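Remarks on the structure that follows.
The structure presented is a predicted model; accordingly, all values stated were derived computationally and were not measured. The first residue in the sequence is number 1, and the count goes up from there.
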Amino acid sequence: MAFSLCCRASPSWSIVSAATLRRRLPLVGAFCMLSFGLSNLCLSYSSSLKTGCAQSLPFAPLLRSKFGGQSPAKNVHSIRMEGSSNTVPSIVVYVTVPNKELGKKLAESIVKEKLAACVNRVPGIESVYQWQGEIQTDSEELLIIKTRQSLLEALTEHVKANHEYDVPEVIALPITGGSLQYLEWIKNSTRD
């Protein structure tokens, strides 16, 4: 699938290939383009497809209002949580574990207890942190847990009770949008 970038610097459009853009655009230029010129960009996946403008990206109005001084476009599309009685407020929780054995055991116990609908295990991460006044570097596995917001306290207690660390990482991020069917599945796969 061909990937190209269209620039709307003037009333006419010009196509720049991704390879050309990488060669011509240093990191600072990329930052400046994203910060100040996002409203003038659009992505095109092939010449036969309609062009989707960057103005339709959910973060474009934020960048324009913060950096560009332009008012948000009227055709801005954002991904939002759809209101439905079939969904509940949901979260993604990150937990790190020291090895794959504990990751597998903890993931399975979380799903078995219906504390989460799904746990992704991401091996091979390296964590750098300060512990007891010393900088530490450890290989770990990351658990990405999808669950109901109302289960965070019970999930946290379960992780603490079944984890090797004195202070295990348990951090939650809200799910603000996504597939309605997936969000319904989270609700139906977890306990009340």
Heavy-atom side-chain proximity of [X] to [Y] below 4.5 angstrom:
{"X": "Ser179", "Y": "Trp185", "result": "no"}
{"X": "Tyr182", "Y": "Ile175", "result": "no"}
{"X": "Leu106", "Y": "His158", "result": "yes"}
{"X": "Glu157", "Y": "Lys160", "result": "yes"}

Original post:
Do you know which of Ile171, Leu173, Leu155, Thr147 makes side chain to side chain contact (heavy atoms under 4.5 Å, CB included) with Ile91?
Top reply: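 One option only clears the test, and that one is Thr147.
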Under a 4.5 Å side-chain heavy-atom rule over Ile, Leu, Val, Met, Phe, Trp and Tyr, are [X] and [Y] clustered together?
{"X": "Ile110", "Y": "Leu142", "value": "no"}
{"X": "Val93", "Y": "Val88", "value": "no"}
{"X": "Tyr94", "Y": "Ile125", "value": "yes"}
{"X": "Tyr165", "Y": "Val122", "value": "no"}
{"X": "Leu152", "Y": "Val159", "value": "yes"}

Original post:
Are Asp166 and Trp131 close enough, and set up right, to give a side-chain contact (heavy atoms from CB on, under 4.5 Å), and what steps lead you there?
Top reply: CA-CA 11 Å; Asp166 294 334; Trp131 183 250; 4.2 Å; yes
Taking all non-hydrogen atoms of both residues into account, name the closest pair between [X] and [Y] and its distance.
{"X": "Ala117", "Y": "Thr190", "result": "N-CG2, 3.4 Å"}
{"X": "His163", "Y": "Thr96", "result": "NE2-O, 2.8 Å"}
{"X": "Ala116", "Y": "Ile145", "result": "CB-CG2, 3.3 Å"}
{"X": "Ala154", "Y": "Leu115", "result": "CB-CD2, 3.8 Å"}
{"X": "Lys146", "Y": "Ile144", "result": "NZ-O, 3.7 Å"}
{"X": "Ser90", "Y": "Ile186", "result": "OG-CG2, 3.9 Å"}

Original post:
CD/Gln181 to CG/Asn188 distance, rounded to the nearest 0.5 angstrom?
Top reply: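 So the gap between those two atoms works out to 12.0 Å.
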**OP:** Applying side-chain contact (heavy atoms from CB on, under 4.5 Å), run through Glu126 and Thr137 and close with a yes or a no.
**Re:** CA-CA 7 Å; Glu126 185 172 282; Thr137 302; 3.5 Å; yes
**OP:** Any chance you could lay out the side-chain contact (heavy atoms from CB on, under 4.5 Å) test for Lys105 and Val97, step after step, and finish with the verdict?
**Re:** CA-CA 10 Å; Lys105 181 180 171 186; Val97 293; over 6 Å; no
Original post:
Side chains of Tyr129 and Glu169: do they bring a donor and an acceptor to under 3.5 Å?
Top reply: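 No - no donor-acceptor pair under 3.5 Å links their side chains.
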Original post:
Between Asn99 (side chain) and Glu101 (backbone), is there a donor-acceptor pair under 3.5 Å?
Top reply: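 Present.
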Original post:
Judged by atom type as modelled, is there a donor-acceptor pair below 3.5 Å linking the side chain of Arg148 to the main-chain atoms of Lys187?
Top reply: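 A pair under 3.5 Å: yes.
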Subject >> Whether over 12 other heavy atoms sit under 6.0 Å from Glu153 CD >> reply: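 At most 12 heavy atoms, drawn from other residues, nucleotides or ligands, come within 6.0 Å of this atom.
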Subject >> Ionic contact status for Glu141 with Arg121, cut-off 4.0 Å >> reply: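 A salt bridge is present here (some side-chain N lies under 4.0 Å from a carboxylate O).
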